[in-house]
Amino acid sequence: MKRIIAILLLIAIQLPLMSQWASVAYYQVNRNYIAKNLCENRDKPKLNCNGQCYLAKKLKAAEDKEQKTNSERLEKMPEIQLACEQMTSLAFQISFSDFTEDHFSHAEMAAQSSILLPFHPPQCS
């Protein structure tokens, strides 16, 4: 089941790239019909077009469609700002009275030091 889903996703990703190949394959399969009925130069057999003008028009249309969708995607893409504005200078005020106060007592630090030791599993003798 996973393999089938992976193959389907791969095909779905490749479909936009296959539009030109589909036009070429359609031309190869139906070359005689295209040369007799759809070719612009069917009245001029000396040109030996054989429907290549029809194929060129289809390939050009597929390329134009792809460029149009790409430009629409670029227009809809959100703008990302990679640089920030220059900051103005910052002023810091340092008060030395904060460093002189004793916030921790030695007894509290000693009680917590045994908790902070790394854990060792018990050793069997």
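Atom set for the values below is all heavy atoms of this structure, side chains included, hydrogens, waters and symmetry mates excluded.
Annotation for Leu8: hydrophobic cluster partners, listed by chain and number, are Ile4 (ILVMFWY side-chain heavy atoms under 4.5 Å, direct or chained).
Remark: Ile11 engages Ile7, Leu15 in a side-chain contact (heavy atoms from CB on, under 4.5 Å) (not counting sequence neighbours). Applying the side-chain contact (heavy atoms from CB on, under 4.5 Å) test to Glu72 and every residue at least two apart in sequence or in another chain returns Lys68. Shown here are the side-chain contact (heavy atoms from CB on, under 4.5 Å) partners of Leu59, two or more places apart in sequence or in another chain: Gln20, Ser23, Val24, Leu55. For Asp64, the side-chain contact (heavy atoms from CB on, under 4.5 Å) partners are Lys60, Gln67, not counting sequence neighbours. Every residue meeting the side chain to side chain donor-acceptor pair (under 3.5 Å) condition with Lys57, not counting sequence neighbours, appears here in chain and number order: Glu40.
Minimum interatomic distance between Gly51 and Cys39 (heavy atoms only, all atoms of both residues): N-SG, 3.7 Å.
The distance from atom CG of Leu38 to atom OH of Tyr33, rounded to the nearest 0.5 Å, is 5.0 Å. Atom CG in Asn30 sits 12.5 Å away from atom NZ in Lys36 (nearest 0.5 Å).
Side-chain contact check for Tyr26 versus Lys58: every heavy-atom pair is 4.5 Å or farther apart.
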